[in-house]
**Student:** 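Starting off with a structure, shown below.
Every number for a ligand or one of its atoms is a count from 1 in the order of the listing. Note: hydrogens, waters and symmetry copies are ignored here, and every other heavy atom, side chains too, is used.
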Amino acid sequence: MSEKNITLTKSEGVPTRAKDGSILSQNQNIVKSDRKFLSAPHMSGNELKYIEKVFESNYIAPLGEYVNRFEQSIKEYTGAKNALAVTSGTAALHLALRVLGIGKGDDVLASSFTFIGSINAIIYQGANPVFIDSDKQSWNLSPKLLNKYLCECEKKPRALIVTHLYGMCADIEKIKTICDTHGIYLIEDAAESLGATFDGKHTGTFGDFGIYSFNGNKILTTSGGGMLVSDNEEWIQKAKFYSTQAKEPYIHYEHLEYGYNYRMSNVLAAIGVAQMEVIEDRVLKKREIFEWYKKYLGDVEEITFMPELQNSRGNRWLTAMIFEKVNYNNIMKALEDINVESRPLWKPMHMQPVFKDAKSVVDGVSEELYNHGLCVASSTIMTEDDVKMICEVIKDNLEE
Ligand SMILES: Cc1ncc(COP(=O)(O)O)c(C=O)c1O
């Protein structure tokens, strides 16, 4: 199969700032086709062919053959019983909360160490996020803190949204048992972890609902898009109803409830179908990239890589590492100078100004990771020589 690399040709036109506010790069309108991105789109080669077929069918709409085929391929790959293709991972999370009847005043637990896309849907529903810190074993949500909170809290939360960060599995079996014991819904934010498995079962299929994102930087992209999965067919049917403006089955469009316009376009689903043909290759390549970083940096005392839990296979969406006693701003600047993207680990949600009034259960783990961690260029189009060169720059800039 022929493969084409599609790389962005322009930066976003916004100066990139370090955590202290200093400018890392002033790169407006610079042509950047050779830039090493964190995770660039990587086409399989069949995308345009399938898009042409969509045009031939004239189903330029948020329904059609490719939407159905994309949902089918996700079901077959992950083992999920039902799937709904939507406009984004955020939309999928929003639908999950709406279907579960979670709304104004409800508490929803969530990983603190995540991207804000995990949390926004809680706010859309007028519910209150309660943030749970990570553990050191997985860097993901701590089952111990979760259980402690659920045993001690006065107001029982309705659900937990747990993130499998950077494509690496949270301790999902333990987390599921805790949710079941306390009678709260489990929603897996597998936006970053398509292809990651725990005991051979795909992330996204343990919970009441799971979601995947196909944003431009994900392991599989439709430029923008998402998928909601669940073993509960009735819930997915309800989510489909809400995602298509909650139209009652009357020719004049009767409405008993309000809905959203969240269904995925047939054109974008065509990209998704082509991308799914190479998903397993992409997972293996991401894991290989991680192994290259380990090969060239594994013996550097100051560096520790994101762990992988026993019995799990992460998709290593982004290689993430922490630096002991090293100021990584120098490293970021040096990488930027050679046109290589890197980024601090996500700033935990309990530290975000927008959530300053939210409840949280923290013990410093995610804050420590944020203070010392970077994710580095992990695009599947990269070669071992690219990684070797990046590692040399990192080693040359390990300053206190
Ligand atoms: C952990 C996580 N959750 C949710 C989202 C939201 O997905 P989307 O951008 O498709 O809305 C993303 C990615 O963007 C993410 O990384």
**Student:** Is there a polar contact, in the sense of an N or O pair closer than 3.5 Å, between Ser213 and ligand 1?
**Tutor:** yes

**Student:** Is the closest N or O pair between Thr114 and ligand 1 shorter than 3.5 Å?
**Tutor:** no

**Student:** Do you know which of Leu100, Asp189, Asp231 makes side-chain contact (heavy atoms from CB on, under 4.5 Å) with Phe209?
**Tutor:** Leu100

**Student:** Would Glu71 and Arg263 pass as an ion pair if we require N to O under 4.0 Å?
**Tutor:** yes

**Student:** What residue and heavy atom of the protein are closest to atom 12 (C) of ligand 1, and at what distance?
**Tutor:** Phe115 CD2, 3.5 Å

**Student:** Students often mix this up, so state it plainly: with edges at 30° and 60°, are the rings of Phe214 and Phe70 parallel, tilted or perpendicular?
**Tutor:** tilted

**Student:** Nearest protein heavy-atom contact for atom 16 (O) of ligand 1: which residue, which atom, what distance?
**Tutor:** Glu192 OE2, 2.6 Å

**Student:** Considering only heavy atoms of Gly225, which atoms of ligand 1 have at least one such atom less than 4.0 Å away?
**Tutor:** 10 (O)

**Student:** Is the closest N or O pair between Asp189 and ligand 1 shorter than 3.5 Å?
**Tutor:** yes

**Student:** Could you check whether Arg98 makes a cation-pi contact with Tyr258, meaning its NZ or CZ is under 6.0 Å from the centre of the six-membered ring and within 45° of the ring axis?
**Tutor:** yes

**Student:** Mark up the atoms of ligand 1 that fall under 4.0 Å of a heavy atom belonging to Ser88, in ascending order.
**Tutor:** 10 (O), 11 (O)

**Student:** At a 4.0 Å threshold, what atoms of ligand 1 neighbour a non-hydrogen atom of Asn215?
**Tutor:** 9 (O), 14 (O)

**Student:** May I ask you to check whether Tyr66 and Tyr50 place their ring centres under 6.0 Å from each other?
**Tutor:** yes

**Student:** Starting from atom 6 (C) of ligand 1, which protein heavy atom do you reach first, and at what distance in Å?
**Tutor:** Thr90 OG1, 3.4 Å

**Student:** Say whether Gly226 and ligand 1 are in contact under the criterion: heavy-atom distance to a ligand atom below 4.0 Å.
**Tutor:** no

**Student:** Does Ile390 share a hydrophobic cluster with Ile303, counting links as ILVMFWY side-chain heavy atoms below 4.5 Å and allowing steps through other members?
**Tutor:** yes

**Student:** Measure the distances from the heavy atoms of Lys218 to every atom of ligand 1 and state whether one is below 4.0 angstrom.
**Tutor:** yes

**Student:** Taking 4.0 angstrom as the limit and counting only heavy atoms of Ala191, give me the atoms of ligand 1 inside it, by number and element.
**Tutor:** 2 (C), 3 (N), 4 (C), 5 (C), 12 (C), 15 (C)

**Student:** Salt bridge check, Asp281 against Lys285: does any charged N sit closer than 4.0 Å to a carboxylate O?
**Tutor:** no

**Student:** Tell me whether the NZ or CZ atom of Lys201 lies within the 45° cone about the ring axis of Phe206 and under 6.0 Å from its centre.
**Tutor:** yes

**Student:** Counting from 1, what ligand 1 atoms have a heavy atom of Thr163 closer than 4.0 Å?
**Tutor:** 1 (C)

**Student:** For ligand 1 and Gly117, I'd like to know whether there is a polar contact (N/O to N/O, distance under 3.5 Å).
**Tutor:** no

**Student:** Would a hydrophobic clustering, with Ile, Leu, Val, Met, Phe, Trp and Tyr connected at side-chain separations under 4.5 Å, put Ile123 with Leu160?
**Tutor:** no

